Amino acid sequence: MNHWLFKSEPDEYSIDDLKAEPRRTGRWDGIRNYQARNFLRDKVAVGDGVLFYHSACKIPAVVGAAKVVRAAYPDPAQFDPESKYFDPKATRDKPRWFCVDIQWQSQFAHPVPLKVIKQDPALEEMVLVRQGRLSIQPVTEQEWRRIEKLGNG
DNA sequence: GCCAACGTTGGC
DNA sequence: GCCAACGTTGGC
């Protein structure tokens with residue numbers, strides 16, 4: 001089982017929105033960045049753990065955990081001319097963008113702010129710290145455990 | 001809202 | 001096939 005960190009702008013889709021979905025399960029769509037797409041399409045698997053991160057907000061932070069319940073399938077929004085995620089170059093035969101389904105697992109007692117993560121020597125190798133702008137990224141098991149400890153400790 | 005990092009696109 | 005322009009992301 002692998003571990004991941006997924007970023008979302010809480011104004012767009014927060015962890016509370018995920019929790020409010022039927023069966024607490026939502027589609028992780030709208031990814032339009034190739035590095036993120038490749039992780040999503042090629043590596044993210046059912047059962048993998050997901051750290052839910054709130055970005056582009058007042059206090060960017062890891063706020064809880066989810067798990068992958070459906071592996072990659074073509075993001076329907078790319079075919080929808082009405083959608084802001086519409087991509088005229090994507091076809092049903094050759095979809096360009098993918099999505100997965102994730103299920104809410106837990107909310108941290110204390111969100112773990114980016115600021116705290118950046119100051120933690122145990123987390124200095126995190127992709128979140130090393131490469132800022134990537135909305136789907138791998139997390140090591142050690143990093144996962146450390147974040148959970150900070151969030152629930 | 002600025003702008004830096006990164007990847008893709010497309011003119012030549 | 002080089003590389004400048006462009007799009008996306010996201011902290012500040």
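By convention in this document, chain letters (A, B, ...) are assigned in the order of the sequence lines, proteins followed by strands, and residues within each chain are numbered from 1. What you are looking at is a predicted structure, and each value in this text was computed from that prediction instead of being measured.
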Contact class for [X] (heavy atom, under 4.0 Å): base, sugar-phosphate, or nothing?
{"X": "A:R130", "result": "nothing"}
{"X": "A:K89", "result": "sugar-phosphate"}
{"X": "A:K58", "result": "nothing"}

Q.
So that I can tick it off, tell me whether A:E12 and A:K84 are bridged by a salt bridge, with the cut-off set at under 4.0 angstrom between side-chain N and carboxylate O.
A.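 Counted as a salt bridge, because a side-chain N and a carboxylate O are separated by less than 4.0 Å.
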Q. Salt-bridged, A:D48 to A:K43, with N to O below 4.0 Å?
A.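 A:K43 and A:D48: not salt-bridged.
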Q) Hey, where on DNA chain C does chain A first and last touch, going 5' to 3'? Cut-off is any atom under 4.0 Å from a heavy atom. A)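 The contacted stretch runs from C:dT8 to C:dC12.
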Q. Can A:Q131 and A:Q137 be counted as having a side-chain donor-acceptor contact under 3.5 angstrom?
A.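 There is no such pair (donor and acceptor under 3.5 Å, judged by atom type) between the side chains of A:Q131 and A:Q137.
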Q | Contacting residues from residues 9-19 of chain A, given that a heavy atom lies under 4.0 angstrom of DNA chain B | A |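 Residues of residues 9-19 of chain A that come under 4.0 Å of DNA chain B do not exist, since none gets that close.
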Q) Do side-chain atoms of A:H3 reach the backbone of A:L51 as a donor and acceptor pair under 3.5 angstrom? A)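 Not confirmed, A:H3 side chain does not pair with A:L51 backbone.
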(Q) Treating A:D87 as the side-chain partner and A:Q78 as the backbone partner, does any N or O pair qualify as donor plus acceptor under 3.5 Å? (A)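 Pair absent, no side-chain N/O of A:D87 close to backbone of A:Q78.
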Q: Check whether any side-chain heavy atom of A:W104 lies under 4.5 Å from a side-chain heavy atom of A:I15, and answer yes or no.
A: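 Counting from C-beta outward, A:W104 and A:I15 do come under 4.5 Å.
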Q. Considering only heavy atoms from C-beta outward, does the side chain of A:P76 approach that of A:R27 to under 4.5 Å?
A.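 Side-chain contact under 4.5 Å: yes.
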Q: Can you label the angle between the A:Y13 ring and the A:W28 ring as parallel, tilted or perpendicular, going by 30° and 60°?
A: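 Rings of A:Y13 and A:W28: perpendicular, as their planes differ by over 60°.
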